[in-house]
Amino acid sequence: MSGHGTVARKGLLLRGFGLLLVMSLVGGACGSDSGGNKHNSAARTDAGSSAAGSAVGAQAPSPGPVDGAGASATPDTAAAAPAVGSSSSPVPAAPSSPAAPSAAPGGKNSTSAAPGLRAANASAAAGGVPSAPAASSPSQPARPTPGAPAAPVAPVAGGTIKIGGINPLSGSLSLIGKPAEQAARAYFRSINDAGGVLGQKIDYIVEDDANDANRTRAAAEKLVERDQIFIMGPSFTPYSPDLVPFLESKGVPFIGWDGLIDKDDLPLASPTTVTVAGATLNLADALFPYWVQKENLKRVGMFYTEYGPAVTLRNETRKLAKKLGVEIVKETPLNQQTNAFVPLLLDMQRANVDGIIYWDAADIFLKAIVQEREMKYKPRGGWIVSHGATNKLVPESCGSFCDGLRTPWNVFPAFTSNPAVDHMKATISRYYGDINHDLYTEIPYISAQVVVDLLKKAGAVDRGKILDAARQATAYDTGGFTQGPIDISPGKAHLGRPTIVARAQGSAWTKETDWLPPVVP
Amino acid sequence: MDIFVQSAVYGALLGVGQGLFAVALILTFRSTGFLNLSIGAVATVSAYVVWDLWSKGSVPLAVAMLVALIAAAVLGLVTERVLRPLRSSSVVVKLVATLGAMLVVQFLVTTVWGTEESFLPLFISGGLQMGRVPLPWQQIILAGGTVASAVALQVWVRRTTTGIASLALAEDAGAARALGIPLGRVSAAVWALSALLAGIAGLGLSSFGILNNTEMTLSMVTALAAALIAGFENIPLAVVAAAGAGAFTAAISSISSVSHVAGLKESLGFMVVLAVIVLRPKSLGQTLGRA
Amino acid sequence: MATCKHFAVPLVVGAVVAAPYLFGEYGSLIGSLAVIYSLVALGYVVLTGWTGDVSLGQVVPYGLGAYATFWLSHTVGLPVGLAILLAPLLTVPIMVLCGLPALRLRGLDLAIGTFALALVGQLMVFRSLGEWLSGGDINPSFARQVVPVGRPSVGPLALHTNRSFYVAVVILGGLAYLAVELIGRSPTGRTLRAIRDDPIRAQVLGISVGRYRLGAFVAAGALAGLAGAFVASLRQGVTPATFNIFESLNLLAVAILGGLATPRGALLGGTLGAVMPELSRFHTFHFLQGRLLFVYGASLIALLVFRPGGIASLLRWDRQPPIPLPHLDGDVTAPAAGRSGSSALDPLLELDGLSVAYGAFKAVDEVSLRIEPEETVALIGPNGAGKSTLIDAVTGLIVPQNGRVLVDGREVTGLPPQRRAGLGLGRTFQTARVFPSLTVSGNLVAAAHHHVSDLGESKRVAARLLDDFDLTEYAESLPPSLPFGSLRMLEVALAWAPGPRILLLDEPTAGMDPTDVERLAVLLDRLKDRTQLAILLVEHDMGVVRRLADRVVVLDQGRVIATGSPADIAADPAVVASYLGTSADRLREEETVRRA
């Protein structure tokens, strides 16, 4: 082995790989660029044609009482009239434990905010600009102009429509993610069993993100690029807000985002995203005024977790209180790690509050209320608590001490009973038996329904057409989950949805009011 | 001022219970040099067993508790056996190994009981009343048990031959072996005892109500701080330190202005840990005569 | 096969770079994550693998890097590419601040301290950083959940596809990797390993242990900061939820799985961390889903039990490369000596009333001593007399209660050990302390390097030492495999490498067989002839004392009870009595009785 030969060979190799390096740099940057542009330009052409050719399937729901102001006057017969829903409620705080050692406090998310409450926005560059592009950097691709849907995706030969979904299927949030997936999937299966939609079967491909933001993004990339999904369907991941700009940039409609939309989240109102959920604000806007008036409260104390949505509720409550002439005497932030509530409650007691608000986090509430019960401390006006406490665990474990606790419902929750809910449970149990309905199975189910209905209305497996259909769905009939039809068109703030107030009585929840309109501060 | 004091007392009571974790930590550390982070998970297993048998099922409470504690002890034995080969490894390796053990035990919990959150009701309701502050019987009993075991252990470790021997292991395993001390059996017994204590703590502290996979590990951090303050050596001091930490955090929480700063309440404990570690003259390594 | 090796590296490089074409956007995302995690793992290699400090708080600089990128690009307005490059630099001052108090900690204390630091970060800092840094133009409740970051541009090319971003990240990450590899193979790398092996030995050799440890801490932080900057731009946003204690532990776990001893292990670990969770998406690996925790935990334990070096050690990637040492050319000259230019009147070493006490117990009691250049003084005495304590006090490992230590007329009593080494003190220990993870030549180069102008010179010194101390055949061996006599010789060689002017030898011949003792004696004679070396020799072997010592000082219970020539001392009854444990008078009585 002559040294000479080796040296020569080495030199050749080096040159070869240097070339490869340069090629890949240029190629990597350029190649995908053009791909993306192709996508967008095709999208724009399609927009033209589809806009003209839309308006298929006249399922424009009958102009009924639309959400908002109109919904107020609901007398007692409202029990039969399903009301408008809103938020997918804050999850009862499940400290999340991702694919990582869960040594000490807090889980990955370290808070209790629900998947649905990730209202914060990656693209909220300047608060209040509706279609601001996500980037604070000039290199971000321009968003597809509103109304410019992506290129149509031809269904795969063999006649299936691929719908993607991202849920936390493992880790500690799986207690929500798994039933959510099952609920949506059950609906799709029922449709497939009845012949499918538009002559094709639905293939619902759900990826696990285990509550890790990096994996959420990886899941989305995989679904879009490798599985070539037609649209992203019902997804119940806390990182949905990260997904919205990404899916927009790929031209993939997102139908079934559980995310809450907030007045302040207006920038999140993406033109290619459809959500069933309503704004976080609705919770406070209906419940707080009702409670204050019913119990004649003048001074209240407020606990809140320091996570975005609860902070939104806090801010909204401040405005409401000012408007209603109620004094918020104490505001105390809470945390996953808070264990000793007695001192905090003593502080509240000392301040002589008439009622206490708990925004967000059912398991924090549970801990607090157990200790409050030991203290035998119950403010005159009782408590109100976020949607997250509305699973059965709270009244069952708290017992009669919690009588009078109030919480808001915006969509008929799955652990109650009404025709729509019962039908849903029957459908789900056909495929999955008796799953845990305590945690928002209704939201993904309704979202799946929306997907199918919009597909039918669009009349073709065409992204542009499905977005057109969505834009026209200003009065969508949820089939009994909401007070009346709701506006699910993209880009809306989903404000003003009426709320039902529930009340804990004898270790269970009961409906206290019918659909209350929100009071806008 | 009154609330401050009452809060402090309440916090101290809670803290003593968490001190039991500290005792468990010290036991394994002094005898085998492992900082066993998996005892939080072991405590969770105990709580889930009782919940499964007594709360969901209809097994009498005493039986359920017994089964739960046996399960905890068994877990301790198994963990010790699996990690035994690492007895003479470095601190890093041991720490990470117990992390691995914790992952496995947590996986066990989710496999058997799923990830659903549950509620474990109090075993004994009611309690003493100190002004406006309730001192629940469950906490009082746990605290009493902790103090009793701390005292008993301290006596055992100082006065009895088995006790002294068990702690000689960490100092110098070679010499201990040369003296005929059955290393394997002694360390197994110590780990089982440590796990048992963790199990008891898990049962007692479950009075917070929420039962899920990671809840118990939250208490671990206070325990860690307390054990640190005691130099991972002095068992009664650890219990006192835990009580003190609990009192401190609770009393601070009752001051409104503090509770306003985001995350301050909860971080205070850890900042104390940091301060203690940095300012303490003797390091843990020196306790064991190793660098 | 040699040819295989030649192809291996370029093949891997080529594969890595060509990967974007094979795996598309999704694959490139995973690839970028692999690079990101590898960078954090590289930090662990430097800090924990090489320097021996366990930090459970790497997530803190990771998060700081991400938020710094946000701040620089959004609020300060820099182009994203520049923000990414500057972000790791911003972590440096913060890590210095955190690292300074951390210097007081070692081992488990440091692990727990950094754990607590990560918790404080998670609970207080990261949650609010988004809001604090956003400059007010993002709604605060959002900013607390997620803040936007863009993708960088390389000139006219915007890297908004994952493929292009991957290429950029691989290149930058590759540079960082190369830098770490270079450090590892450099004297700095060897010094770090020496510090991990035996910080006291290192200190005594003149290595500023604190500075190196801080440097490693900051470097690991910068690597994690770069990773954070990448991840912020990759995901086009920063969420505080990412930077929690579990993530820290997760990253440590994969770093350990890959192997902490070598940078290539970090690459393995990072790739593992990125690829494993994604594998479960594909049919063959579906069983992994939901079982990842268990797989991590079980493999961690299995690995630690059977192969603590991680997969890298399984693949035998952690072998140390041989250090090419120059051939000796003829005349061996002395290694660079310590300070010169001292007054001829000053003794080389002077102890003035030195006392060390532990509570009421006086280990060293008012010892005064002078040693001149070229003098060999033997320090003898029964066990427990305080000889080793005395040496510890002279070299600065123990702080005396009273008295002074002067070298060349300069007072060194307050100086830390590493400073005293620079002034000409060298020592060995009772139990031979060398650096077990470095090869013999590595040990010598590391020891010489801190007193010699450059690497070449230190290699020459090492070559000479190998020859002088008869260690040439063991040059590439690790110390634990040496025969005992050679190990002792190595230790003396280490002490000699920095070129001290006085050697303090603590029982150097203990446990040696007669041939080795003779070898050492001959060697010490030669060293004395070559330089003006003074020796303070703690010994029990009277033969060696007689052979080497000019003067003998006898210590008993911390006090000097006799000094004189070896012959005088051997006959002194007080000395004999102290060894036998009786009093001098009784000895004389017994002697009288015996004669009678």
Side-chain angles (χ1 to χ4, degrees), chain B residues 29 33 35 37-38 79 82-86 89-108 110-111 115 214 221 224-225 227-228 232 261-281 283-288 290-291, chain C residues 48-49 52-54 56 98 100-128 131 144 196 198-200 245-246 249-250 252-253 255-257 260 290-306 308:
Chain B
F29 187 76
L35 181 56
L37 293 176
S38 69
T79 317
V82 169
L83 297 184
R84 199 182 287 182
L86 299 174
S89 306
S90 74
V91 151
V92 188
V93 169
K94 281 174 162 169
L95 188 68
V96 178
T98 61
L99 277 178
M102 179 182 68
L103 284 182
V104 173
V105 177
Q106 279 185 331
F107 173 75
L108 182 71
T110 45
T111 309
T115 48
T214 46
V221 189
L224 207 60
L228 258 177
F232 271 88
V261 181
L264 182 60
K265 279 193 305 292
E266 292 75 16
S267 311
L268 271 178
F270 310 135
M271 301 207 275
V272 169
V273 169
L274 269 175
V276 166
I277 302 184
V278 172
L279 299 172
R280 210 161 44 106
S283 82
L284 284 176
Q286 285 174 318
T287 309
L288 291 178
R290 294 185 218 135
Chain C
T48 306
D53 284 334
V54 194
L56 294 181
C98 296
L100 282 172
L103 282 182
R104 304 182 49 144
L105 311 175
R106 265 207 87 91
L108 202 54
D109 278 355
L110 184 63
I112 297 179
T114 49
F115 186 77
L117 183 70
L119 280 173
V120 173
Q122 174 185 338
L123 290 177
M124 275 187 75
V125 177
F126 288 125
R127 273 216 202 139
S128 315
E131 187 185 342
R144 284 164 147 254
R196 185 194 62 193
D198 197 332
I200 293 185
I245 187 71
F246 303 130
L249 297 170
N250 190 25
L252 177 62
I256 292 180
L257 281 174
L260 283 181
R291 300 202 174 87
L292 212 55
L293 268 187
F294 174 73
V295 170
Y296 272 0
S299 27
L300 258 183
I301 296 179
L303 208 64
L304 289 173
V305 170
F306 297 114

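Naming convention: chains lettered A, B, ... in sequence-line order (proteins, then strands); numbering from 1 in each chain.
- Neither the backbone nor the side chain of C/L303 comes within contact range of chain B, judged by heavy atoms closer than 4.5 Å.
- The two residues B/L95 and C/A111 make their nearest non-hydrogen contact at CD2-CB, 3.8 Å.
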(request) List the steps and the verdict of side chain to side chain contact (heavy atoms under 4.5 Å, CB included) for C/F294 and B/T110. (result) CA-CA 11 Å; C/F294 174 73; B/T110 45; over 6 Å; no

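- With chain B as partner, the option from C/V54, C/T114, C/V125 having the largest number of non-hydrogen pairs under 4.5 angstrom is C/V54.
- B/L108 does not touch chain C: none of its heavy atoms, backbone or side chain, sits under 4.5 Å away.
- Here the CG-CE distance, from C/L300 to B/M102, works out to 10.5 Å after rounding to the nearest 0.5 Å.
- Proximity to chain B is limited to the side chain of C/L252, based on heavy atoms less than 4.5 angstrom apart.
- Here the CG atom belonging to B/L224 is positioned 9.5 Å from the CG atom belonging to C/L119, to the nearest 0.5 angstrom.
- Highest contact tally toward chain B, considering only C/D198, C/L117, C/T48, C/L304, is held by C/L304 [criterion: heavy-atom pairs under 4.5 Å].
- Rounding to the nearest 0.5 angstrom, the gap separating the CG atom in B/L99 from the OH atom in C/Y296 is 13.5 Å.
- Rounding to the nearest 0.5 Å places CG of B/L228 at 4.0 Å from CD1 of C/I112.
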